[in-house]
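Letters A, B, ... are given to chains in the order of the sequence lines, protein chains preceding strands, and every chain is numbered from 1.
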Amino acid sequence: MPTPNRLPLLVVLNTWKALFLREVVARISTERAAWLWILFEPLSHVGFILILYSTIRVRTIGGIDTIIWIMAGMLPFFTFRRTAVQCMNAINANRALFAYRQVKPIDTVFVRAGTELFLMILVSIILFSLVALFGHDVVPANPLGVLVAFFGLWLLGLGFGLTMSIVVELVPEMERVVGAIMYPLYLLSGVMLPIASIPQELREWLLFNPIVHGLEDVRLSFAPFYHAVPELDLAYLFEAALILIFLGLALQLRFADRMVME
Amino acid sequence: MIVLNDVHKRYRTHHGPGKWVLNGVSFSIPSKLNVGLVGRNGAGKSTLLRLIGGIDVPSSGTIERHSRVSWPMGFSGGLQGSLTGRQNAKFVCRIHGHDHDLVERIAYIQDFAEIGAAFDEPIKTYSSGMKSRLQFAMSLAFNFDVYISDEITSTGDAAFREKAAKAFEHLIGKAGLIMVSHSDSTLRQFCKAGIWLHQGKAIWFDDIEDALRNYNESIVA
């Protein structure tokens, strides 16, 4: 008597759960004190810039506390970048798992995006709590606004990862190109330097980068009196994210078979 | 029941599409029948197992699986080197929807694999025989209707081969088996019917002896 098959949706959910647990375990157990390094990367960046700014005695940027300004830019930016890069490498890193037909390439991309969101929310909560202990005001004026912009940046990372995970399989050289783009992106997105202070002719070009809009909106939601860039448009971030997600899904669908071939 | 209908398969190479590995393969395997797959190296045996296992897709043609089919046991794919045997076993239980009885399944796998304390060591420290033991134990932990075996028994030691043989014998009549082996005696021991893969075609024999005889004659000739 053949056993009845599970519903396809149930298979997907079971697979996502298994992949998620595996991903998290691999992240925190394969290195010594790996969980410490997850916290260390953003912490070291925030610390470095903080030292830089306090040396030149900058107490506030655009009207808000420097440390809040840095963290409200840094953590969402890292969420974007880590989601983008982890998703981009998801298919290649999980190739061994395609030996089980339940695991499809796109599953690994979604699960990695979920894992990064989960980890970055934890990291953000821990770091902001730490800063609160030092007496800084970490409670945002508009918490929902912070979450929406943060989520938008994560979606952008997911869209980028969905698209690039296929592209790097078809054109492996693209992985280096993306690596080369990510470093200037750090500066061009206004993580370290306030975009509002850049002359308008140049700023117009920088504003084509959807990450700028996301980061500025996170900061504006923290403090409504923050001097954000006047051209701020959160819808632009979501449009860019949705376009990338649809492009990525289309590529995943088109090249799904080729991804599992050896 | 597994039905293959006019299955073609070729791989992409660096200089365009490669030659046809499978060129119009059609057959159906009734449930609970043990089938041995024979053919030269490169005849497409592993490719055919991957297609039946649903890991790869045919270039054209259709494959229907009306039953629960295992993943191809034997090649070390599907194990993540940095994770332990236990963590890998948990993963496989979860993707097969066995969250609720995870503990019993893991206990069964650990017991059957007999790799001792290595069960909690990373897979990359395993020998190929230990990997086979773990793979084999994992696939037996689920009640598949059809098991696919790609030379699973060839890497283990004598004790493991005997254990695997016992397990396979135990399955006869309960589940089907599709196996690739280069050992005639293994095939005779477990299989009733045979498929001979030759020049991209599959030839079905109701008796494994006929398949082996045709295959062996083709090598000599």
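- Here CG of A:Asn14 is found 11.5 Å from SG of B:Cys93. Values are rounded to the nearest 0.5 Å.
- Using a 4.5 Å cut-off between heavy atoms, B:His96 contacts chain A through both its backbone and its side chain.
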Q: Determine, step by step, whether B:Gln80 and A:Arg22 satisfy the side-chain hydrogen bond (donor to acceptor under 3.5 Å, both in side chains) criterion, reporting the C-alpha distance in whole Å, the side-chain angles of both residues, the deciding distance to 0.1 Å, and the verdict.
A: CA-CA 10 Å; B:Gln80 186 168 319; A:Arg22 173 194 188 95; 2.8 Å; yes
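- In this structure, the portion of B:Ser70 lying under 4.5 Å from any heavy atom of chain A is its backbone and not its side chain.
- The two atoms that bring B:Ile95 and A:Gln102 nearest to each other are O-CG, 3.9 Å, heavy atoms only.
- In B:Lys90, the NZ atom is not crowded: 12 or fewer heavy atoms of neighbouring residues, nucleotides or ligands sit closer than 6.0 Å.
- A distance-only check finds a donor-acceptor pair linking the side chain of A:Arg101 to the backbone of B:Val69 [under 3.5 Å].
- With a 6.0 Å radius and a threshold of 12 heavy atoms from other residues, nucleotides or ligands, A:Phe255 has its CZ atom above the threshold.
- With contacts defined as side-chain heavy-atom distances shorter than 4.5 Å, the pair B:Phe91/A:Val103 qualifies.
- Heavy-atom neighbours of B:His182 NE2 from other residues, nucleotides or ligands within 6.0 Å: above the threshold of 12.
- Annotation: maximal heavy-atom pairing with chain B below 4.5 Å, among A:Leu19, A:Val12, A:Leu10, A:Asn94, occurs at A:Leu19.
- Here the side chains of B:Arg94 and A:Thr15 are not in contact, with every heavy-atom distance at 4.5 Å or above.
- Top candidate by heavy-atom pairs under 4.5 Å with chain A, chosen from B:Pro122, B:Gly97, B:Ala175, B:Ser31, is B:Gly97.
- With a threshold of 4.5 angstrom between heavy atoms, B:Lys9 approaches chain A through side-chain atoms but not through N, CA, C or O.
- To the nearest 0.5 Å, atoms CD1 (B:Ile55) and CG (A:Leu97) are separated by 11.5 Å.
- The two residues A:Ala99 and B:Pro72 have their closest heavy-atom pair at O-CD, 4.2 Å.
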